[in-house]
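Working notes, beginning with the structure itself.
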Amino acid sequence: MAERSADWLNQALRDLEQAEASMQADRHEWACFAAHQATEKALKALNLALGQQAWGHTLTRLWAAVPDRGALDPPPPEALDDRLRLLDGFYIPTRYPDSYPEGTPGEHFGRLQSEQALFHATAIVQWARAALAQLRRGA
């Protein structure tokens with residue numbers, strides 16, 4: 001099977017662009033979800049580059065599945081686990097009205113959440129990009 005970590009990373013970068021565009025369009029629920037998706041795809045790219053396929057959508061589990069995490073260069077962003085937990089909170093409630101007692105996700109997410117989601121997702125995706133480049137140089 002072909003190694004496709006570059007494809008996953010490239011889609012992560014596109015998802016980050018979508019998160020920014022959604023935030024600018026005041027679609028903050030979609031900005032938060034796209035930020036989660038970008039991070040998910042970047043972590044799956046790391047897993048693939050290190051020889052394994054990771055399944056699922058929980059960012060903390062995708063990170064825990066990365067083999068030899070301590071050897072990654074550059075090292076992960078500060079407080080990565082907390083950043084992943086924050087972004088994991090955007091996976092379901094950004095899309096489903098029944099995540100709240102009333103109202104739509106669009107009513108429950110605003111600029112503050114989308115700015116935070118973009119900030120953390122960008123840091124993680126850019127770090128993964130650098131780590132993947134380093135892995136390719138070392139291969």
Side-chain angles (χ1 to χ4, degrees):
M1 181 187 323
E3 198 280 295
R4 301 199 47 204
S5 61
D7 292 338
W8 282 87
L9 179 65
N10 287 334
Q11 189 59 49
L13 294 166
R14 286 182 58 83
D15 289 355
L16 270 181
E17 291 173 3
Q18 181 58 55
E20 177 69 35
S22 293
M23 184 177 74
Q24 295 307 321
D26 290 326
R27 295 188 179 279
H28 301 292
E29 74 277 26
W30 282 107
C32 292
F33 179 63
H36 174 279
Q37 290 295 284
T39 306
E40 177 182 329
K41 290 166 188 163
L43 291 173
K44 287 182 177 182
L46 274 175
N47 272 283
L48 285 169
L50 291 165
Q52 73 175 6
Q53 195 165 21
W55 296 93
H57 307 286
T58 305
L59 303 178
T60 53
R61 289 195 176 158
L62 291 171
W63 170 236
V66 172
D68 218 9
R69 295 182 304 171
L72 291 171
D73 182 36
E78 186 176 329
L80 179 61
D81 289 329
D82 286 334
R83 292 173 189 247
L84 296 174
R85 284 185 198 100
L86 182 139
L87 290 164
D88 269 336
F90 297 135
Y91 181 63
I92 291 174
T94 54
R95 298 176 293 144
Y96 299 106
D98 62 356
S99 295
Y100 299 96
E102 61 184 48
T104 66
E107 296 172 84
H108 289 276
F109 289 88
R111 183 164 289 278
L112 180 61
Q113 288 101 332
S114 58
E115 286 175 350
Q116 286 183 351
L118 264 164
F119 175 78
H120 295 298
T122 299
I124 295 164
V125 171
Q126 293 303 333
W127 161 73
R129 183 184 206 181
L132 286 163
Q134 190 67 14
L135 285 169
R136 287 186 192 106
R137 280 192 284 277

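The side-chain heavy atoms of L43 and L84, taken from C-beta on, include a pair separated by under 4.5 Å. Using a 4.5 Å heavy-atom cutoff, the side chains of N10 and R14 are not in contact. Side chains of Q126 and L13 form a contact here, defined as non-hydrogen atoms less than 4.5 Å apart. Put simply, the side chain of L59 does not reach to within 4.5 Å of the side chain of I124, judged on heavy atoms. At least one side-chain heavy atom of M23 sits under 4.5 Å from a side-chain heavy atom of R111.
Atom CH2 of W127 and atom OG1 of T39 lie 11.0 Å apart (nearest 0.5 Å). Remark: K44 NZ to W55 CH2 distance equals 7.5 Å, nearest 0.5 Å. Distance CG/L46 to CD/Q52: 10.5 Å, rounded to 0.5 Å.
Judged by distance alone, the side chain of Q113 and the main-chain N or O of G110 form a donor-acceptor pair under 3.5 Å. Between the side chain of E107 and the backbone N or O of T104 there is at least one donor-acceptor pair closer than 3.5 Å.
Heavy atoms from other residues, nucleotides or ligands lying under 6.0 Å from CZ of F119 number 12 at most. Counting heavy atoms of neighbouring residues, nucleotides and ligands inside a 6.0 Å radius, atom CZ of R95 exceeds 12 of them. In the displayed structure, E102 atom CD is contacted under 6.0 Å by at most 12 heavy atoms of other residues, nucleotides or ligands.
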Check: residues 63-83 side-chain donor-acceptor pairs under 3.5 Å, at least two apart:
| residue | atom | partner | partner atom | Å |
| --- | --- | --- | --- | --- |
| D82 | OD1 | R85 | NH1 | 2.6 |
| R83 | NE | E78 | O | 2.8 |
| R83 | NH1 | H120 | ND1 | 3.4 |

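A donor-acceptor contact under 3.5 angstrom links the side chains of Q37 and E40, judged on distance only. A donor and an acceptor atom, one from each side chain of D7 and Q11, are nowhere located under 3.5 Å apart.
The same ILVMFWY cluster, assembled from side-chain heavy atoms under 4.5 Å apart, contains both L50 and L132. No continuous path of ILVMFWY side-chain contacts below 4.5 Å connects V125 to L48, so the two sit in separate hydrophobic clusters. Hydrophobic clustering of Ile, Leu, Val, Met, Phe, Trp and Tyr side chains at less than 4.5 Å, counting indirect connections, keeps W8 apart from L62.
Annotation: ring pair (Phe, Tyr, Trp, His ring centres under 6.0 Å) contacts of Y91 (sequence neighbours excluded): H36, H57.
Nearest heavy-atom pair, A35 versus A121, reported as atom, atom and distance to 0.1 Å: O-CB, 3.5 Å. When all heavy atoms of C32 and A117 are compared, the pair lying nearest together is CA-CB, 4.0 Å. Summarising the geometry of S5 relative to A45, their closest heavy-atom pair is CB-O, 3.2 Å, with the distance given to 0.1 Å. Taking every heavy atom of both residues into account, A128 and A42 meet most closely at CB-CB, 3.9 Å. Across all non-hydrogen atoms, the minimal contact from S114 to H28 is OG-ND1, 2.7 Å.
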I would like to know whether L9 and K41 meet side-chain contact (heavy atoms from CB on, under 4.5 Å); could you show each step before the answer?
CA-CA 6 Å; L9 179 65; K41 290 166 188 163; over 6 Å; no
